[in-house]
Trainee: 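Mind having a look at this structure? Questions to follow.
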Amino acid sequence: MENEEQFSTDPNENAKIENEFLKLKMNAQFGANFFSENVLPPEIENSFLKNVLAFEENHAKAEYVTIYQRINKPDFQPISELKSEAEVSNALNELIAVLGQNDIRLDICDGPYPDEVIYRFITEELLMQEIEKNNDFGTSVFIYEEFHPNHKADIERITKDFLEHWIDRDVDGLGHELASDIITAQDTVISIAQLSSKLVRFFESYQRFNNLDYVIDEVSFELSEEGTSMGHAEGFLVYTAILENSETIIFKGPFKLYMALSYGYWEVVYFVMPGFNWDN
């Protein structure tokens, strides 16, 4: 801070007060919010906050250009002028190389997609994105799916994560896939905390689960501009539950996960899993 204003004669207390002042300042200027489960020593937090403030101030004063301008306006052929898959692939590789030479990277999470799709995206969309003119912070990374979400792949990935957390009896892990409000089999709504209590009781009835095997038969979704976008995944699974006395119970049957799209992310709002009873 300018002039190193003193709020207290106690250095430790002074740092604490200054930290709160810095947080308020960044919230007012940049909308920054700070959340941490770890309590840092005041002097370390103070240094961190000052670095963040310097970054935000530099970022706010930065001059912006398009990516096309940043990479010095290279010549490239429109997709309509490329006559074969080989020409598209070569043009794509050349363009990705130019981006890389200018510290710009495109990540693709749910591919592979045809080279034609990615080349069209780069030349018609990505190159028009604005970016800081001067590269002071290393490689700029763009993700294709942030521009064109692959909802089917997202739902399938969440389903796999849900099933893996289920077999691990990992209630906290399941919380990453579950919505904050859950619909029950009785068509009522409960909080994720209430569901977590049900899951803990269910999981603690067994020593462990193992031998998970499953197949996802169907993934579908329906996007809505007015209401809630919904999706689901269903299939068949089997797993073994081990009791405290070492006896085993084999749970098998169809499963189904119902999901809603919230702030760009799919969340499980209701599920059917062999062995789990919503009444318990």
Side-chain angles (χ1 to χ4, degrees), residues 79 106-126 128-129 141-168 170-196 198-199 202 212-239 251-280:
I79 189 69
L106 175 65
D107 283 352
I108 298 172
C109 298
D110 296 320
Y113 302 100
D115 286 349
E116 177 182 350
V117 170
I118 301 303
Y119 186 80
R120 184 187 299 276
F121 165 71
I122 293 176
T123 57
E124 297 181 4
E125 295 182 62
L126 185 63
M128 302 304 109
Q129 294 296 308
V141 180
F142 295 85
I143 299 174
Y144 174 76
E145 285 81 6
E146 289 185 353
F147 294 83
H148 297 280
N150 189 332
H151 295 297
K152 184 176 184 295
D154 287 343
I155 292 173
E156 185 171 330
R157 181 170 53 251
I158 291 169
T159 299
K160 292 177 179 178
D161 289 344
F162 183 95
L163 297 180
E164 293 297 331
H165 287 136
W166 186 275
I167 202 66
D168 290 337
D170 182 358
V171 176
D172 291 337
L174 288 168
H176 294 300
E177 287 89 50
L178 292 163
S180 56
D181 294 316
I182 308 296
I183 302 171
T184 71
Q186 294 76 32
D187 203 27
T188 59
V189 176
I190 63 174
S191 68
I192 190 173
Q194 291 172 296
L195 174 58
S196 293
K198 288 179 177 286
L199 290 171
F202 171 65
L212 172 67
D213 195 13
Y214 65 89
V215 59
I216 301 174
D217 291 325
E218 180 183 344
V219 173
S220 67
F221 61 90
E222 184 173 337
L223 301 179
S224 172
E225 294 184 358
E226 299 178 356
T228 301
S229 297
M230 300 297 297
H232 80 273
E234 61 181 291
F236 189 90
L237 67 77
V238 57
Y239 64 98
F251 290 124
K252 63 180 178 179
F255 75 87
K256 192 164 187 175
L257 305 184
Y258 294 85
M259 304 184 197
L261 188 63
S262 177
Y263 299 103
Y265 296 94
W266 291 98
E267 298 176 323
V268 177
V269 295
Y270 175 69
F271 59 84
V272 175
M273 287 289 289
F276 180 75
N277 188 339
W278 283 92
D279 293 329
N280 294 335

Trainee: Atom CG in Leu163, atom CD in Glu177: separation rounded to 0.5 Å?
Mentor: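 The CG atom of Leu163 sits 9.0 Å away from the CD atom of Glu177.
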Trainee: Taking side-chain hydrogen bond (donor to acceptor under 3.5 Å, both in side chains) as the cut-off, I'd like each qualifying pair that reaches into residues 214-227, sequence neighbours left out, listed once.
Mentor: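 Only Ser220-His232 qualify under side-chain hydrogen bond (donor to acceptor under 3.5 Å, both in side chains).
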Trainee: Could Glu164 and Lys160 be called an ion pair, given the rule that one side-chain N must be under 4.0 Å from one carboxylate O?
Mentor: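 No, Glu164 and Lys160 are not salt-bridged.
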Trainee: Check Ala260 against Met230 and note the closest heavy-atom contact, atom names and distance.
Mentor: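 Nearest pair, atom of Ala260 first, then Met230: CB-SD, 3.9 Å.
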Trainee: Under 30°, 30 to 60°, or over 60°: which ring-plane class applies to Trp166 and Phe162, parallel, tilted or perpendicular?
Mentor: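 Geometry flag for Phe162 against Trp166: parallel rings.
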Trainee: Quick one, Leu237 with Lys252, criterion side-chain contact (heavy atoms from CB on, under 4.5 Å). Give me CA distance, side-chain angles, the key distance, then yes/no.
Mentor: CA-CA 6 Å; Leu237 67 77; Lys252 63 180 178 179; over 6 Å; no
Trainee: Do you see a donor-acceptor pair shorter than 3.5 Å between the side chains of Gln186 and Thr188?
Mentor: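 Short answer, no.
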Trainee: Between Thr123 and Met128, which heavy-atom pair has the shortest distance, and what is it?
Mentor: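 Taking Thr123 first and Met128 second, the nearest heavy atoms are O-CE, 4.4 Å.
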Trainee: Grab the two heavy atoms, one from Leu106 and one from Ile143, that are nearest each other, plus how far apart they are.
Mentor: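 So the minimum-distance heavy-atom pair works out to CD1-C, 4.3 Å.
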Trainee: Using the test salt bridge (charged side-chain N to carboxylate O under 4.0 Å, His left out), find all partners of Glu116 that sit at least two apart in sequence or belong to another chain.
Mentor: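 Residues passing salt bridge (charged side-chain N to carboxylate O under 4.0 Å, His left out) with Glu116: Arg120.
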Trainee: Nearest 0.5 angstrom please: Met259 CE to Ile155 CD1, how far?
Mentor: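 If I round to the nearest 0.5 Å, the distance is 6.0 Å.
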Trainee: Rounded to the nearest 0.5 Å, how far apart are NE2 of His176 and NE2 of His165?
Mentor: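 Answer for the NE2-NE2 pair, His176 versus His165, is 6.5 Å.
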Trainee: Ring pair (Phe, Tyr, Trp, His ring centres under 6.0 Å) between Phe271 and Trp278: does it pass, once the steps are laid out?
Mentor: CA-CA 10 Å; Phe271 59 84; Trp278 283 92; 4.9 Å; yes
Trainee: What I'd like to find out is whether the side chain of Val219 reaches to under 4.5 Å of the side chain of Thr159, using heavy atoms alone.
Mentor: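 Of all side-chain heavy-atom pairs linking Thr159 with Val219, none is under 4.5 Å.
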Trainee: Measure the shortest side-chain to side-chain distance between Lys198 and Ile190 over non-hydrogen atoms and say whether it is less than 4.5 angstrom.
Mentor: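 They are in side-chain contact.
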Trainee: Are the side chains of Phe276 and Phe251 in touch, meaning some heavy atoms are under 4.5 Å apart?
Mentor: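 A side-chain contact is absent here, since even the closest heavy-atom pair is not under 4.5 Å.
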Trainee: Do the side chains of Ile79 and Glu124 get nearer than 4.5 Å, heavy atoms only?
Mentor: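 Yes - at least one pair of side-chain heavy atoms lies under 4.5 Å apart.
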Trainee: Restricting to non-hydrogen atoms, name the atom on Tyr239 and the atom on Gly275 that form the minimum distance, rounded to 0.1 Å.
Mentor: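 Shortest heavy-atom contact: OH-CA, 4.1 Å.
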Trainee: Show every side-chain hydrogen bond (donor to acceptor under 3.5 Å, both in side chains) that has at least one partner inside residues 257-267, sequence neighbours left out.
Mentor: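 Only His151-Trp266, Lys256-Tyr258 qualify under side-chain hydrogen bond (donor to acceptor under 3.5 Å, both in side chains).
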Trainee: Return the minimal non-hydrogen interatomic distance between Gly253 and Pro274, and the atom names on each side.
Mentor: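 Result for this residue pair: O-CG, 3.6 Å.
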Trainee: Would you call Val272 and Glu234 a side-chain contact if the rule is heavy atoms closer than 4.5 Å?
Mentor: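 In short, these two side chains do not touch, never coming nearer than 4.5 Å.
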Trainee: Once rounded to the nearest 0.5 Å, what's the spacing between atom CG of Leu199 and atom CG of Leu174?
Mentor: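 It comes to 6.0 Å.
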Trainee: More than 12 non-hydrogen atoms from neighbouring residues, nucleotides or ligands closer than 6.0 Å to CG on Asp187, yes or no?
Mentor: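 Counting other residues, nucleotides and ligands, CG of Asp187 stays at 12 neighbours or fewer.
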Trainee: Taking the side chain as every heavy atom from C-beta outward, state whether Tyr144 and Asp110 have any pair of such atoms under 4.5 Å apart.
Mentor: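 Tyr144 does not reach Asp110 side chain to side chain.
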Trainee: Take Tyr113 and Phe121 through the ring pair (Phe, Tyr, Trp, His ring centres under 6.0 Å) test and state the conclusion after the steps.
Mentor: CA-CA 11 Å; Tyr113 302 100; Phe121 165 71; 9.7 Å; no
Trainee: How far does CD of Gln194 sit from CG of Asp181, to the nearest 0.5 angstrom?
Mentor: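 Gln194 atom CD to Asp181 atom CG measures 9.5 Å (nearest 0.5 Å).
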Trainee: When you compare the side chain of Ile216 with that of Glu156, does any pair of heavy atoms fall below 4.5 Å?
Mentor: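 Yes, at least one pair of side-chain atoms sits under 4.5 Å.
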Trainee: How close do Ile182 and Val269 get, heavy atom to heavy atom, and via which atoms?
Mentor: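 Scanning both residues completely, I find the closest heavy atoms to be CG2-O, 3.3 Å.
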Trainee: So how far is it from Leu195 CG to Ile183 CD1, rounded to the nearest 0.5 Å?
Mentor: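 Between atom CG of Leu195 and atom CD1 of Ile183 there are 12.0 Å.
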Trainee: Is there a side-chain contact between Asp154 and Phe221 (heavy atoms, below 4.5 Å)?
Mentor: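 No, too far: nothing below the 4.5 Å cut-off.
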